[in-house]
Amino acid sequence: MTDQHRTGRSARRPGPHLRSAAGATLLAAALVAGAAGCSGGSVDGSSDQQSGAPDQLAADALTAVRNAADITGRTGSARAATELVTESTEKKASFSGTGGYDYVKRIGRLEVQVPPGAATTGKIVEVVLPGTVYLQNSGAKVPAGKWVKLDVRQLPDGNLVSSGATDPASAAGALRGAQKAEAVGTETVDGVPLHHFRGTLDLAKAADATGGRGGDGLRMGAQTFTVKEVPYDAWLDDQGRLRKVVEVFTFAGVAGSKEPKDQVKVTSTTSLSDFGKPVEAAEPSASDIYRMKPTESPK
C-alpha cells in the first residue's frame, strides 16, 4: 500500500493496532489516530422502491450483482459475520468478526477477534457510519473503554481491511462497481437456494455509484490497492439479497514495490443473515472519545 503499509521490512514502519502474524501490518497508521457505509438517497440501500413490487433476482448476472447492495439495504438491517485473511510470502493471519448493520440509520457495529501476535489483544470493537469509523481497544495507549474516531479518508485503504474487517455496507457497496459477472451455479445453504456469481469489480466505479461519504472508503481503496480489477464471488438469494461476498484485495507490503514477493493479499468474506431483525449500534458519546495528539501513537 502506501508508506503506511509495511510487512516489517521497510524503514518507515507504521504503528498499527493490528500487527498481524502475517508480518503485513494492516494500515496501522489509521488505527493510530481507524466504514464507509452507503450514504444518501437511493445509494444507501434504503432507497424508495417506487413500484412497491417485491424485489427479485435480475435475470442478467451483471445487473443482479450490481443491484445487490440496494436490494439488501431495503431489508432494513442484517446480522453479519466477517473474516479477513492476510497472506504475504512470510506469514498468514486470520481475523474474524460478528455484528450487524442498520441500513435505515446507516450505522453498524462489529466485534473483531484479533489473532495471536498482534499488538492489540482480545477484540476490537468497531462502530461504522458513512465515512467514519470508531474503534475501541485499538492500541495500548488508548484508555480502556475509550474510542478513537477516524475519518476513513485518513486510511489508505478506506477501512476496507485496516481494522480487521470490511464493514457490511462497504462490502456490499463494492459490488456496485462490478464489471464482470458470470453465473457459477446454484447452491443450497441452510435450506436456502443461493445463486453464485463470480467476476471482477472496480472500486473507483463503485465509489461513484455509491456517492456521498459512503463512497469515500471505496475511493481510497481504489487508489491504494495494487490490483485494480478486484476479484469477487457473491451469493444472492431469489430476492436478489446479498447473502455472502468474498472480495480479494492486494496491496504492496513494501511501499511502491510491484514485486510479487512484496504483495500482500487480503481475502475479505462477509456473510449476511437475519434480515430485518433489529441491530444494536450507536455512536459513542463525545465523552468517550479519546483525542490523540497528532504525533501520538496508541502503542
Side-chain angles (χ1 to χ4, degrees), residues 36-38 42-47 49-85 87 101 103 160-161 165-211 214-215 218 221-222 225 227-250 265-276:
C38 301
S42 63
V43 295
D44 69 354
S46 58
S47 61
Q49 191 171 18
Q50 300 298 329
S51 67
D55 287 310
Q56 61 181 4
L57 186 73
D60 174 69
L62 190 57
T63 300
V65 171
R66 288 177 175 174
N67 286 348
D70 287 332
I71 291 177
T72 302
R74 286 195 282 270
T75 65
S77 60
R79 301 296 301 172
T82 69
E83 181 183 43
L84 202 74
V85 178
E87 296 178 83
Y101 196 88
Y103 296 100
L160 291 179
V161 302
T166 304
D167 83 82
S170 292
L175 294 176
R176 294 190 178 100
Q179 301 301 296
K180 297 178 182 177
E182 64 171 324
V184 177
T186 302
E187 304 166 22
T188 300
V189 179
D190 296 329
V192 179
L194 300 181
H195 306 270
H196 183 184
F197 298 92
R198 177 176 295 150
T200 57
L201 60 87
D202 183 316
L203 288 172
K205 292 181 178 178
D208 290 341
T210 296
L218 298 169
F225 296 134
V227 175
K228 303 304 180 182
E229 294 185 355
V230 175
Y232 74 84
D233 281 83
W235 288 260
L236 313 181
D237 61 20
D238 288 340
Q239 293 177 242
R241 299 176 300 188
L242 181 64
R243 293 290 188 133
K244 179 180 177 181
V245 60
V246 178
E247 295 156 339
V248 182
F249 307 114
T250 303
K265 183 175 75 171
V266 182
T267 302
S268 171
T269 302
T270 302
S271 300
L272 301 176
S273 62
D274 294 335
F275 296 108

message: Quick check: closest heavy atoms across Ala222 and Lys228, and the distance to 0.1 Å?
response: O-NZ, 2.7 Å
message: Under the salt bridge (charged side-chain N to carboxylate O under 4.0 Å, His left out) definition, can you give me all pairs with a residue in residues 56-66, not counting sequence neighbours?
response: none
field: Atom pair CG/CD of Asp238 and Gln56 - distance to nearest 0.5 Å
entry: 9.5 Å
message: For the CG atom of Leu84 and the OG1 atom of Thr270, what is their distance to the nearest 0.5 Å?
response: 8.5 Å
message: Just by distance, no angles: are the side chains of Arg176 and Thr210 close enough, under 3.5 Å, to form a donor-acceptor pair?
response: yes
- prompt: Among all residues two or more places apart in sequence or in another chain, which pass the salt bridge (Lys or Arg N to Asp or Glu O under 4.0 Å) test with Lys265?
  reply: Glu87
- prompt: Do side-chain atoms of Glu83 reach the backbone of Ala81 as a donor and acceptor pair under 3.5 angstrom?
  reply: no
query: Ser268: what forms a side-chain hydrogen bond (donor to acceptor under 3.5 Å, both in side chains) with it, not counting sequence neighbours?
result: Thr166
- prompt: So do the side chains of Val189 and Trp235 get within less than 4.5 Å of each other, counting heavy atoms only?
  reply: no
- prompt: Do the side chain of Lys205 and the main chain of Ala178 share a donor and acceptor less than 3.5 angstrom apart?
  reply: no
message: I want to check something: taking the side chain as every heavy atom from C-beta on, are Arg79 and Leu272 in contact at a cut-off of under 4.5 Å?
response: no
message: So which atom in Ala207 and which in Gly215 form the shortest heavy-atom distance, rounded to 0.1 Å?
response: CB-O, 3.4 Å
- line: Those residues at least two apart in sequence (or on a different chain) that pass salt bridge (Lys or Arg N to Asp or Glu O under 4.0 Å) with Arg243 are Asp237
task: Determine whether Thr267 and Val246 make a side-chain contact, defined as any pair of heavy atoms from C-beta on separated by less than 4.5 Å.
output: yes
query: Nearest 0.5 Å, what's the CZ-OG1 distance between Arg241 and Thr75?
result: 7.0 Å
task: Tell me, please, which residues at least two apart from Phe249 pass ring pair (Phe, Tyr, Trp, His ring centres under 6.0 Å).
output: Phe225
message: Run the side-chain contact (heavy atoms from CB on, under 4.5 Å) test on Leu160 and Leu218 for me, step by step, so that the C-alpha distance in whole Å, both residues' side-chain angles and the decisive distance to 0.1 Å come before the verdict.
response: CA-CA 7 Å; Leu160 291 179; Leu218 298 169; 4.2 Å; yes
task: Kindly compute the distance separating CG (Leu236) from OG1 (Thr72), expressed to the nearest 0.5 Å.
output: 7.5 Å
statement: Rounded to the nearest 0.5 Å, the NE2 atom of His195 sits from the OG1 atom of Thr186 at a distance of 5.0 Å
message: Between Val245 and Leu175, is there a side-chain heavy-atom distance shorter than 4.5 Å?
response: yes
task: Only pairs at least two apart or in different chains count here, so list each salt bridge (charged side-chain N to carboxylate O under 4.0 Å, His left out) that has a residue in residues 180-198.
output: Arg198-Asp233
query: If every non-hydrogen atom of Ala206 is compared with every non-hydrogen atom of Ala174, which pair is closest and at what distance?
result: CB-O, 3.5 Å
statement: Taken to the nearest 0.5 Å, the spacing of Tyr103 OH from Ser77 OG works out to 8.5 Å
- request: Report yes if some heavy atom in the side chain of Asp202 is under 4.5 Å from a heavy atom in the side chain of Glu229; otherwise report no.
  value: no
Closest non-hydrogen atom pair between Ala80 and Pro168, with its separation: CB-CG, 3.7 Å
message: In the structure I gave you, are the side-chain heavy atoms of Tyr232 and Val248 within less than 4.5 Å of one another anywhere?
response: no
